[in-house]
Protein chains: 2
Amino acid sequence: MSESCNTYHECCLYFTANSLARQVNEMAEDAFKITGLAPSYAHLMLLLIEEPGLSQNILSDRMNLKASTMTRFIDKLMQKGYVERVQEGRSVYIYPTESGKSLKKSINQALSILFDNYCEVMGKDFAVKLTADIHKANTILKE
Amino acid sequence: MSESCNTYHECCLYFTANSLARQVNEMAEDAFKITGLAPSYAHLMLLLIEEPGLSQNILSDRMNLKASTMTRFIDKLMQKGYVERVQEGRSVYIYPTESGKSLKKSINQALSILFDNYCEVMGKDFAVKLTADIHKANTILKE
DNA sequence: ATATTTTATTTGTATGTACAACTAATGTCT
DNA sequence: AGACATTAGTTGTACATACAAATAAAATAT
C-alpha cells in the first residue's frame, strides 16, 4: 500500500474505481436520456454500428461483460427492434437494424454532452488524461 | 471529445470507468474471499471500525451509495452479527460489534493482497498514481 | 465415424444498486 | 401551538450484472 494515503479508502483501486463508476453513471444516465437508452446499451449500439456482425462473445469481451449478460443485453435491444441475431453454427452474430443505426446521431450527441459535463467540473486536461490512463489500465488488466 | 482517440470507447470516461470497475471487482472478489465478505461490505466494515457510530446517511455519502442501498447493506451486516443499529430520533447510528471488529485483520490482509495483485500487473507507480487520480476525480465530482 | 473435449450461447437464480413512494422525526413559520 | 417543509430511513420494485448449470455446435482424438 502506498505510504502517502491516510486511509485505505482513497488508495484502494477497488474502492475508488467503483465510486467513480457510480458517480459517472449518474451523469451518464442523465446525458443519455435523449437517446432513450441506458448508457451501457448505447455503448453496445455504438460498437455494433461501427462494426456490424460482431458475435456476442466478442461483444462481451469488448465491453468486459460476461456472456450471459450480453445475451440479456441483446435480448433487450432486439425487443426494441434495434438489432437482429444471425445464428451461424454455435455463434450468434449481431447486426443493427435500420432503426438501430438511426440512433447513432443521438448517441454521439449524448456522448458530447456527457463529455462537456464532466470536463466542466474536472477540467478538460485532467479528464482526458484520466480517461486515457483508465483505458490503459483496462488494456493491461485484460492481459 | 479528445482528438487523439480512435473510438469513443476509449475516450469516454463512462465506458472506461465502468470497464475498470468490473475488472477490479473481479480481482477484489477473489482477494476478499478470505474475509468471508464481498468487497463492498468489507469496505463498509472498515469505515465503521475506523469511525464507529457513523449514521447511515453519512455512510452512504462516504461510499457514494444511495441511502436505500445502505439500509440493505446494514441489514445484511446485522444478520451476520457484525454491526448494530442505535436509533436516536430519526437518525440511525451504526456500531461494529466485537465480532465485526475482529474482521479488521483479515480485511487489511485482503487489501494488501489485492494491492499486490494489481501492482504486479500494472506496475506499482502507475497503479498508485491512477488510484490517486481517480480519488481526486471522485472528490471533485462530489462537488 | 464415434467418443471426448472445447466453445458459444442460454437459462435459472442470486446479488448489487437505484428510484419512487412511504413513514416518522425534526425544524420553521406564522 | 398548528401547518407545512425538510430530513433520515425503510420498503416495494426494477434493472444490471454475475455465477453455475444446461444445451448445442464444432473441433479433436481415437
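Proteins come first, then strands; the chains are lettered A, B, ... in the order of their sequence lines, and each starts at number 1. Keep in mind that this is a model prediction, so the values were computed, not measured.
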Interatomic distance, [X] [atom1] vs [N] [atom2] [rounded to whole Å]:
{"X": "A:His43", "N": "D:dA16", "atom1": "NE2", "atom2": "P", "result": "15 Å"}
{"X": "B:Asn18", "N": "C:dG16", "atom1": "CG", "atom2": "P", "result": "17 Å"}
{"X": "B:Leu65", "N": "C:dA18", "atom1": "CG", "atom2": "C1'", "result": "10 Å"}
{"X": "B:Phe73", "N": "C:dG16", "atom1": "CZ", "atom2": "C1'", "result": "6 Å"}
{"X": "A:Ile94", "N": "C:dA8", "atom1": "CD1", "atom2": "C1'", "result": "12 Å"}

Practice task
Name all residues meeting the side chain to side chain contact (heavy atoms under 4.5 Å, CB included) criterion together with B:Glu84; count only those two or more places apart in sequence or in a different chain, and write none if there are none.
Solution key: B:Tyr95, B:Thr97
Problem - Charged N-O contact under 4.0 Å between A:Glu26 and B:Lys66 - result: yes
Between [X] and [N], is there a side-chain N or O to OP1/OP2 distance below 4.0 Å?
{"X": "A:Ser40", "N": "D:dT17", "result": "yes"}
{"X": "A:Lys66", "N": "D:dA20", "result": "no"}
{"X": "A:Thr69", "N": "D:dA18", "result": "yes"}
{"X": "A:Tyr41", "N": "D:dC15", "result": "no"}

Practice task
With sequence neighbours left out, write down each residue that passes salt bridge (charged side-chain N to carboxylate O under 4.0 Å, His left out) with B:Asp61, or none if nothing qualifies.
Solution key: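 By the salt bridge (charged side-chain N to carboxylate O under 4.0 Å, His left out) rule, B:Asp61 matches no residue at all.
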Exercise for the section: Determine whether the side chains of B:Asn25 and A:Asn18 contain a donor N or O and an acceptor N or O closer than 3.5 Å. Expected result: yes
Practice task
Give a yes or no on whether the backbone of A:Gln23 and the side-chain of B:Asn64 come within a donor-acceptor separation of less than 3.5 Å.
Solution key: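 Checking the backbone N and O of A:Gln23 against the side chain of B:Asn64, no donor-acceptor pair under 3.5 Å is found.
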Fill in the blank from the handout: Comparing nearest nucleotides in DNA chain D, the 5'-proximal residue of the pair A:Gly89, A:Asn64 is A:Asn64
Taking N or O atoms only and anything under 3.5 Å, show me the protein contacts with nucleotides 6-10 of chain D, one pair per line.
residue : atom : partner : partner atom : Å
D:dT7   : O2   : B:Arg90 : NH1          : 3.3
D:dA8   : OP1  : B:Asn57 : ND2          : 3.1
D:dA8   : OP2  : B:Asn57 : ND2          : 3.1
D:dG9   : OP1  : B:Gln56 : N            : 3.4
D:dG9   : OP1  : B:Val92 : N            : 2.8
D:dG9   : OP1  : B:Val92 : O            : 3.2
D:dG9   : OP2  : B:Asn57 : N            : 2.6
D:dT10  : OP1  : B:Arg85 : NE           : 3.4
D:dT10  : OP2  : B:Gln56 : OE1          : 3.2
D:dT10  : OP2  : B:Gln56 : NE2          : 2.7
D:dT10  : OP2  : B:Thr71 : OG1          : 2.7

Practice task
May I have the step-by-step check of side-chain contact (heavy atoms from CB on, under 4.5 Å) for B:Ile107 and B:Lys104, ending in yes or no?
Solution key: CA-CA 5 Å; B:Ile107 294 177; B:Lys104 185 173 182 180; 5.9 Å; no
